[in-house]
Undergrad: 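Structure incoming, see below.
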Amino acid sequence: YHMFIPILTVVILSIGGRMRMTRTNMLEVLNSDYIRTARAKGVPQVKIIFGHALKNSLIPVITYFGPMLAYIVTGSLVVEQIFAVNGIGRAFVSSITDRDYPLIMGTTIVLATLIATTLVLLMLTMGIRNARLEAAQDRARAEELISENRELQDKLDSMGTVEGNKALAEELLGLVDPDTVVITPTP
C-alpha cells in the first residue's frame, strides 16, 4: 500500500499530455476522408472507431512512448526522493551528493541502456507498421497511375484527328491559340 501514492504521482504527471495527444490525433483522423467513406458505406461506429480511427491515431502516441519512458524514469528520481522510496533514483541522487562516481556512471549506463533499448524496439515496431502503410500507399499509387495511363491512352487515340490534335495542343500549351498551332504528322 505504501507504493500507491508514488505510482499515482508518476502516472498523473505523465498521463495528461498523452490523453490530450490521443484526443487531438483521434479528432484529426475522424475528420479524414476514409472515415467519412466508411460512415457512408454504413460501417458500424464501433468498428470505425476501434478498427480504423484508433489504430491510426495511436501512431504518434506510440512514437512518443520512448521519450515518455525517459521522462517517467527521470521523473521517478524526484518522486523517490520526495516519498523516501528506495530505488534506482534514490541511489542515483545519493551517489551524486556522496560523489560516488562509479555508481553515478553505472546508474547512467543502466538508464541509458533501458531508454535506448526501448527506442530501438519502438523503431522496429514502427518500421513494421510503416512497411504495411507504405505497401498500401504503393497499391493506391499504382491504381492512380493506371487510371492516368488510361486517360493518356484516350488522348493518344484522339490524336489521329485534327480536332483531337487541336484539343491536345490547347491543353498542353495552355495560352497558345490552338488554331495557330500546326501539328504535322511524322511519317
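Residue indices begin at 1 and follow the sequence shown. Quick caveat: nothing in here was measured; it's all calculated off a predicted structure.
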Undergrad: Can you name the salt bridge (Lys or Arg N to Asp or Glu O under 4.0 Å) partners of Arg36, sequence neighbours left out?
TA: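 Scan of Arg36 (salt bridge (Lys or Arg N to Asp or Glu O under 4.0 Å), adjacent residues dropped) gives Asp33.
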Undergrad: Hey, quick one: are Leu27 and Met21 part of the same hydrophobic cluster, counting side-chain heavy atoms closer than 4.5 Å, chains of contacts allowed?
TA: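 Different clusters: Leu27 never reaches Met21 through Ile, Leu, Val, Met, Phe, Trp or Tyr contacts under 4.5 Å.
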Undergrad: Test of understanding: with side-chain contact (heavy atoms from CB on, under 4.5 Å), list the residues that count as partners of Val43, not counting sequence neighbours.
TA: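 Val43 satisfies side-chain contact (heavy atoms from CB on, under 4.5 Å) with Ala38, Lys41, Lys47, Ile48 only.
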Undergrad: Looking at Asn25, Ile35, Asn56, Leu54, which hits side chain to side chain contact (heavy atoms under 4.5 Å, CB included) with Leu30?
TA: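 So the option named by the test is Ile35.
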Undergrad: Please round to the nearest 0.5 Å and tell me the distance separating atom CD1 of Ile49 and atom CE of Met26.
TA: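 Output value for this atom pair is 5.5 Å.
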Undergrad: Kindly check if the number of other-residue, nucleotide or ligand heavy atoms within 6.0 Å of CZ (Arg18) is above 12?
TA: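 Count over threshold, so yes.
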Undergrad: If you count every heavy atom of other residues, nucleotides or ligands that lies below 6.0 Å from Ile15 atom CD1, does the total exceed 12?
TA: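 At most 12 heavy atoms, drawn from other residues, nucleotides or ligands, come within 6.0 Å of this atom.
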Undergrad: Please give me the minimum heavy-atom distance between Pro6 and Val85, naming the atom from each residue.
TA: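 Distance-wise, the nearest heavy atoms are CG-CG2, 4.0 Å.
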Undergrad: Got a sec, which pairs hit side chain to side chain donor-acceptor pair (under 3.5 Å) with one end in residues 93-110, sequence neighbours left out?
TA: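 Residue pairs passing side chain to side chain donor-acceptor pair (under 3.5 Å), neighbours aside: none found.
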Undergrad: Report whether Met105 and Leu103 are members of the same hydrophobic cluster (ILVMFWY, side-chain heavy atoms less than 4.5 Å apart, transitive linking).
TA: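 Not linked; separate clusters.
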Undergrad: Please tell me whether Ile109 and Ile96 are part of a single hydrophobic cluster in this structure, the criterion being side-chain heavy atoms less than 4.5 Å apart.
TA: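 Per the 4.5 Å side-chain linkage, Ile109 and Ile96 are not co-clustered.
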Undergrad: Would you say Leu111 ends up clustered with Val93 if hydrophobic residues are merged whenever their side chains have heavy atoms under 4.5 Å apart, either directly or through other cluster members?
TA: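 No, Val93 does not connect to Leu111 through the hydrophobic network.
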Undergrad: Under 6.0 Å from the OH atom of Tyr34, do we count more than 12 heavy atoms belonging to anything else shown?
TA: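 Enclosed: over 12 neighbouring heavy atoms sit under 6.0 Å from OH of Tyr34.
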Undergrad: Is it the case that one hydrophobic cluster holds both Leu114 and Leu121, taking links as side-chain heavy atoms less than 4.5 Å apart, direct or via other members?
TA: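 Not linked; separate clusters.
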Undergrad: Tell me the closest heavy-atom pair linking Val29 and Ala53, and the distance in Å.
TA: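 Val29 and Ala53 have their closest heavy atoms at CG1-CA, 3.6 Å.
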